[in-house]
**Student:** 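Mind having a look at this structure? Questions to follow.
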Protein chains: 2
Amino acid sequence: MKTTITDVAREAGVSMKTVSRVLNNEPNVAEATRERVKEAARSLQYSPNLAARGLASSRSYLLALIYDNPSPSYVTNLQGGAIEACRKSGYHLIIEPMTAEQLRSPEAETMLSRLNVDGVILTPPLCDDIDLRTMLKRLNISYVLVAPEKPGRAPTVIIDDRMAARQMTDFMLGQGHKRIGFICGHASHSSSHHRMEGYQQALEAKGIAYDPELVAKGDFSFRSGVEAAERLLADPQTRPTAIFASNDDMAAGVVSVAGRMGIGVPEQLSVCGFDDTPLAQILWPKLTTVAQPIGEMGRKAAEILIDRSGGGNPGVHTLDFELVIRESTRAPAG
Amino acid sequence: MKTTITDVAREAGVSMKTVSRVLNNEPNVAEATRERVKEAARSLQYSPNLAARGLASSRSYLLALIYDNPSPSYVTNLQGGAIEACRKSGYHLIIEPMTAEQLRSPEAETMLSRLNVDGVILTPPLCDDIDLRTMLKRLNISYVLVAPEKPGRAPTVIIDDRMAARQMTDFMLGQGHKRIGFICGHASHSSSHHRMEGYQQALEAKGIAYDPELVAKGDFSFRSGVEAAERLLADPQTRPTAIFASNDDMAAGVVSVAGRMGIGVPEQLSVCGFDDTPLAQILWPKLTTVAQPIGEMGRKAAEILIDRSGGGNPGVHTLDFELVIRESTRAPAG
DNA sequence: TTGAAAGCGCTAACAC
DNA sequence: GTGTTAGCGCTTTCAA
C-alpha cells in the first residue's frame, strides 16, 4: 500500500491540508508544525502522487521538450540541462521528437492538450514555427524559445550567433587569412543567417570585399559540407586559405575532402566549425570551433518555465559562447 | 474550458461510463452506441486527461527511460524507437539520465515512486545494476532490460553481441588477416564481455591461438581507443594487421593514432568498430562496423511495457544485427 | 448492454 | 495557524 497524504497527516497529528501546505512550501504554518510534518513524511518515505497533484491543481510537474533536431549531441546536451533544472524542482521531462509535418496533424494537438504539461521547450527549427506557437497559445500552454529566429513575445534563450561568427572570423583574419570561405547552415535555421551575418560583418570591418564565390550553401549535414568543400576547393588558384563551416559536421566534411585532395589541414587550409560537438575533438586535426552552452540553454529554458510565477517573463536571456581554438587553424602559408 | 468526458456523454446521449468504455476499447458496448460516442468525441475534439486517468486507474500512460550512457547517438536512437511505440498507444516518455551513484540516493527512490510510471526501460550499464532492479521490484514498477549482462527474470531485449563479434572477426579472418588485435569495452558493460568472447571463438574455430598481446583494455571512449592503439601499434615488427575495436569511438581512436604514425588505413591496417554510430560514416576512411538496431530495441522495450497485459512477459527478445562493410578494412598487404 | 455512485490523492476555497 | 469541505476528470465497483 502506498502512503498517502492522510497517512502523513495522521502520523504528524495534523490535518491533511497542513501537510499539503508544508509540502508546497506555503506560508502560514508554525515552524514546529512544519518540522513535525517533514519528519513524519520522511519516516513514512512519503512522496506525493504526481497524477493526483496534477488533477487537483493546475500544475502537472511535467515539462515537454519538443524538437526536430538531427544532431544527437545537441539534443542530449539540451536534455541534460533541462533535466537538471527539473530535478531541482521535482519536475520531470517528457520528450517529444517530432517533425514539423507531424506537428501539423490533428493528433499532435490532441496529444499536446491531453498531456497537460506546465510548459514546453521549443528548439530550432520548431521554435520558429508560427503555427506551432499559435497552437500552444490556443491551448494555453506556456513555452520557451531556444535560439529562435526572432525573439517574439515568449521568453527566449539565445546566444549571440552573429557575434560568435564575427569573432571567429576575426580570429582567422587576425591569423593573416584574407580569403576565408564560408559554408552556410540550413536556411530554415535562424542561426544560419546570424552566423552568415557575423562572417560578413567581420570582413566588412576589416575592409575586405565580400566575395560570393567564397560562400557555399549547406544544410548542417556532413554530406553538404563535403559538397560545399568540393566546390570551394576545386580551383587551386582561387581556393580560400581558410574555411569557416557553420557547424562541426560540415567542417568535418571539409576536412575529409581536403584529405582526399591532398590539401593539408591546417598547413594549407585552416578549417573551423561551430557547436563544439564531440566530433570536434575526435577529428584529426582537432577542430577549432565555437562552443555553445547548449546544456545551459536547456537548463535556463526549464527554469523559466518552472518559475513562471512572473506570469510571462517575456525576457530574452543571452548566454555566453566561447571560441575553442584547437589544431585545425593556423596562419596561412607563405 | 476543456471538454471532459461528461461533455462527450451528454453530446452522445449516453452515460459517462459508456464513453469510458468506448475510449478504452472495452467490450459490452453496442456497435451503434460505440460509433455515436466516437463521433461525439471527435466533434468535441475531446481527449482524456492524463492525470485524471492516472489517478483513477493504475496506469499513468507514462514510461520512463533511465540511462547512464555517454553516447548521444545511442541515447537518441533508443529514445526515438521508444517514442514511436509510445505514440502508437497514447503513451509518453519521461527521460531520466542518471549516474549509478545518483541512483543510490534516497531521492532517486522517492522520485521513482512518486512518478508512478507504468514501466521503466533500463539500458547498459544501469540494466545490470542489481540494487536498481531490486528497488524497482520493491516499488512494484515493471521494467525491461535492454542488452543486459544476463537476461534475468525481467523481459529483456538484446542482440547477440557474441555472434556479431564472431562474424566480424570471421570477416577479417576471411580477408586473410592472421594477427587481429582487439580492444575491449568498459568492463561494466555486458556487451564488452560478449564481444570479446565472439572474437575469441572466431579465432579458436579457425585454429588460431589466442594471443593476449593482441588484446588491449578500453572503456568505450575515444581516448581509451587512442591509448590501446598506441600500445598495440608500438612495435612495427609484431603489430597486428587488423584491429577490432569494441565500439566506433575507440575505432576512431585507432584510426587517429594510425594517421599520426603514418600507418595507412586500410592499406597497412584494417580497422573495424561496433555500433555504426554516425561517426562511422564521418571518419575517413569510412568505418566497417556492426549496426545494432538500437531504435528497434527501444521500440521493442516500450512495446513490451505497454502490452504487459501478459503480466510478466519474461521472454528474451533477440533482434537482428548487421555487418556494415565500408572502407576501413581490406586484405592484408603482402 | 448500460448506468449510478463511490472513490483515486491531492489542492482550493473558505471557515474557524 | 489550522481544519473542513468540495471537487479536479476519470475508472471501478455494483446494480439494473
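The chains referred to below are lettered A, B, ... by the order of the sequence lines, with proteins before strands, and numbering in each begins at 1. Small disclaimer: the values here were computed from a predicted structure and weren't measured.
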**Student:** Using side chain to side chain donor-acceptor pair (under 3.5 Å) as the criterion, list what pairs up with A:E296, not counting sequence neighbours.
**Tutor:**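 Only A:R299 meet the side chain to side chain donor-acceptor pair (under 3.5 Å) criterion with A:E296.
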**Student:** May I ask you to say whether A:R36 pairs ionically with A:E39, meaning some side-chain N is under 4.0 Å from a carboxylate O?
**Tutor:**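 No, no charged N to carboxylate O under 4.0 Å.
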**Student:** For B:Q79 and B:Y67: C-alpha separation, side-chain torsions, deciding distance, then whether side-chain hydrogen bond (donor to acceptor under 3.5 Å, both in side chains) applies.
**Tutor:** CA-CA 10 Å; B:Q79 288 177 350; B:Y67 57 91; 3.2 Å; yes
**Student:** Measure CG/B:D7 against C1'/D:dC10 and give the value in whole Å, please.
**Tutor:** 13 Å
**Student:** Between C1' on D:dG1 and CZ on A:R36, what's the gap in Å once rounded to a whole number?
**Tutor:** 12 Å
**Student:** Counting only side-chain N and O atoms of B:N28, is one of them less than 4.0 Å from OP1 or OP2 of C:dT1?
**Tutor:** yes
**Student:** Hey, what bend do you get for the helix from C:dT1-D:dA16 to C:dC16-D:dG1 if you fit axes on five pairs at each end, rounded to 10°?
**Tutor:**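 End-to-end axis angle for the helix from C:dT1-D:dA16 to C:dC16-D:dG1: 30°, rounded to 10°.
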**Student:** Between A:L50 (CG) and C:dG9 (P), how many Å, whole number?
**Tutor:**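 Result: 14 Å.
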**Student:** Between C:dT2 and B:T33, is there an OP1 or OP2 to side-chain N/O distance shorter than 4.0 Å?
**Tutor:** yes
**Student:** Tell me the interatomic distance from B:L55, atom CG, to C:dA6, atom P, rounded to whole angstroms.
**Tutor:** 18 Å
**Student:** For a quick test of reading the model, state the closest non-hydrogen atom pair linking A:S47 to B:T110 and the distance between them.
**Tutor:**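 For A:S47 and B:T110, the tightest heavy-atom pair comes out as CB-CG2, 3.4 Å.
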**Student:** Any chance you could list the contact pattern along nucleotides 11-16 of chain C? Use B for base contacts, S for sugar-phosphate-only contacts and - for none, protein heavy atoms under 4.0 Å, 5' to 3'.
**Tutor:** BBB---
**Student:** CG of A:L122 to CG of A:D68: how many Å apart, nearest 0.5 Å?
**Tutor:**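 It is 11.0 Å, given to the nearest 0.5 Å.
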**Student:** Name all residues meeting the salt bridge (charged side-chain N to carboxylate O under 4.0 Å, His left out) criterion together with B:E26; count only those two or more places apart in sequence or in a different chain, and write none if there are none.
**Tutor:** B:K17
**Student:** Would you kindly give the CG-to-P distance between B:L44 and D:dG9, to the nearest whole Å?
**Tutor:**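 Rounding to the nearest Å, CG of B:L44 and P of D:dG9 are 14 Å apart.
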**Student:** For B:Y91, which residues count as a side chain to side chain donor-acceptor pair (under 3.5 Å) partner, sequence neighbours excluded?
**Tutor:**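 Side chain to side chain donor-acceptor pair (under 3.5 Å) check on B:Y91 returns B:R59, B:D118.
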**Student:** What I'd like to find out is whether the side chain of B:D129 reaches to under 4.5 Å of the side chain of B:R133, using heavy atoms alone.
**Tutor:** no
**Student:** Mind calculating the distance between CZ (B:R34) and C1' (C:dT1) to the nearest angstrom?
**Tutor:** 11 Å
**Student:** Taking only side-chain N and O atoms of B:S15, does any of them lie within less than 4.0 angstrom of OP1 or OP2 on C:dG3?
**Tutor:** yes
**Student:** Please report, rounded to the nearest Å, how far the P atom of D:dT2 is from the CD atom of A:E31.
**Tutor:**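 Spelled out: CD on A:E31 to P on D:dT2 is 10 Å.
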**Student:** Which residues pass the ring pair (Phe, Tyr, Trp, His ring centres under 6.0 Å) test with B:F220, not counting sequence neighbours?
**Tutor:** B:H189
**Student:** Could you tell me how far apart B:R10 (CZ) and C:dA4 (P) are, to the nearest whole angstrom?
**Tutor:** 14 Å
